[in-house]
Amino acid sequence: MKRNLQTYGKISIEKARRAQRLLAEMVIEHDDFKNPPDIIGGVDVSYLGNRAVGVAVLLDFRTLELVEYATAVVDVKFPYVPTLLAFREFFPMAKAILSLKRNADIYMIDAQGRLHPYGLGAACHIGVVLDIPTIGVAKRLLCGTIGARSDDVAPVVLDDKIIGAAVWTGRSKKPIFVSVGHKVSLNTAIRLVKQTTRKGRKLPEPIRLAHSIATRYRSRIR
DNA sequence: GCGACAG
DNA sequence: ATCTTGTCGC
């Protein structure tokens, strides 16, 4: 894992797009991590006014039990702009991940991965910059069209290309959206999401716990 | 120009 | 994301 980070400073939409185009070419879409993983991570961000609370959790892949978690409070410096989420959440997420005592073999990020108009959702962005395997897990669709559903999965297509998948979990009528973040294939990503989603739940444990802790941590800093 | 739009 | 009341179901 790369532990020397750089500051983006003030960045224009134009520069952000340029960065996305360059980083998008660096995304690795085949499995390149310990599979099956021993430890699987989850990352999420919550907000308290102008501060972001990043949370990274580590779970035992076999038992889905929490083994460690880290938090990071950061001042928000970038507005929420659809397709540019990474520029807002990179630091809180990265600082939380880098604060962990150990690393996960792969991390689920509460954001889109390749399922993004420029092929670089925040999950890919974090994965490429920190050089860690990541999976994008989102609750809503950002772009693309949901194709033919087969069992509990349907491809999400954009410009005749499969950029992610809609996955129906729990008894929710609405699916969650899974896509490649970095160093993982779409099929493996889908499988890992299913394997870490407890019976009846809509979200995989890594994401659910990270979200839960992020929300609870807010009352601790206000 | 219009509508859509992760967290 | 966050702000919010009640409500349905296990």
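So that the names make sense, note that chain A is the first sequence line, chain B the second, and so on, each numbered from 1.
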>> For a salt bridge (charged side-chain N to carboxylate O under 4.0 Å, His left out) check, start with the C-alpha distance between A:Arg18 and A:Glu14, then their side-chain angles and the critical distance, and finish with the verdict.
In response: CA-CA 6 Å; A:Arg18 233 174 288 156; A:Glu14 210 170 84; 3.4 Å; yes
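- A 4.5 Å side-chain heavy-atom check between A:Leu64 and A:Arg198 finds at least one atom pair inside the cut-off.
- OP1 or OP2 of B:dG7 has not a single side-chain nitrogen or oxygen of A:His211 nearer than 4.0 Å.
- The side-chain heavy atoms of A:Ile162 and A:Val156, taken from C-beta on, include no pair separated by under 4.5 Å.
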Tabulate protein N/O versus nucleotide N/O from nucleotides 1-6 of chain B, keeping only pairs under 3.5 Å, one per line.
| unit_1 | atom_1 | unit_2 | atom_2 | d |
| --- | --- | --- | --- | --- |
| B:dA6 | OP1 | A:Arg140 | NH2 | 3.3 |
| B:dA6 | OP2 | A:Tyr80 | OH | 2.8 |
| B:dA6 | O4' | A:Gln112 | NE2 | 3.4 |
| B:dA6 | N7 | A:Thr83 | N | 3.2 |
| B:dA6 | N6 | A:Thr83 | O | 3.1 |
| B:dA6 | N6 | A:Leu84 | N | 3.3 |
| B:dA6 | N6 | A:Leu85 | N | 3.0 |
| B:dA6 | N1 | A:Ala122 | N | 3.1 |
| B:dA6 | N3 | A:Gln112 | N | 3.0 |

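- Using a 4.0 Å cut-off between charged side-chain N and carboxylate O, A:Arg208 and A:Glu205 make a salt bridge.
- Not one N or O on the side chain of A:Lys77 forms a donor-acceptor pair closer than 3.5 Å with the backbone of A:Phe87.
- Within a 6.0 Å sphere centred on NZ of A:Lys194, heavy atoms belonging to other residues, nucleotides or ligands number more than 12.
- The pair A:Asp38-A:Arg62 does not meet the salt-bridge criterion, since no charged nitrogen lies less than 4.0 angstrom from a carboxylate oxygen.
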Considering only nitrogen or oxygen atoms on both sides, find all protein atoms under 3.5 Å from nucleotides 6-10 of chain C and state each distance.
none

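- Salt bridge status for A:Arg102 with A:Glu68: absent, with no side-chain N to carboxylate O gap under 4.0 Å.
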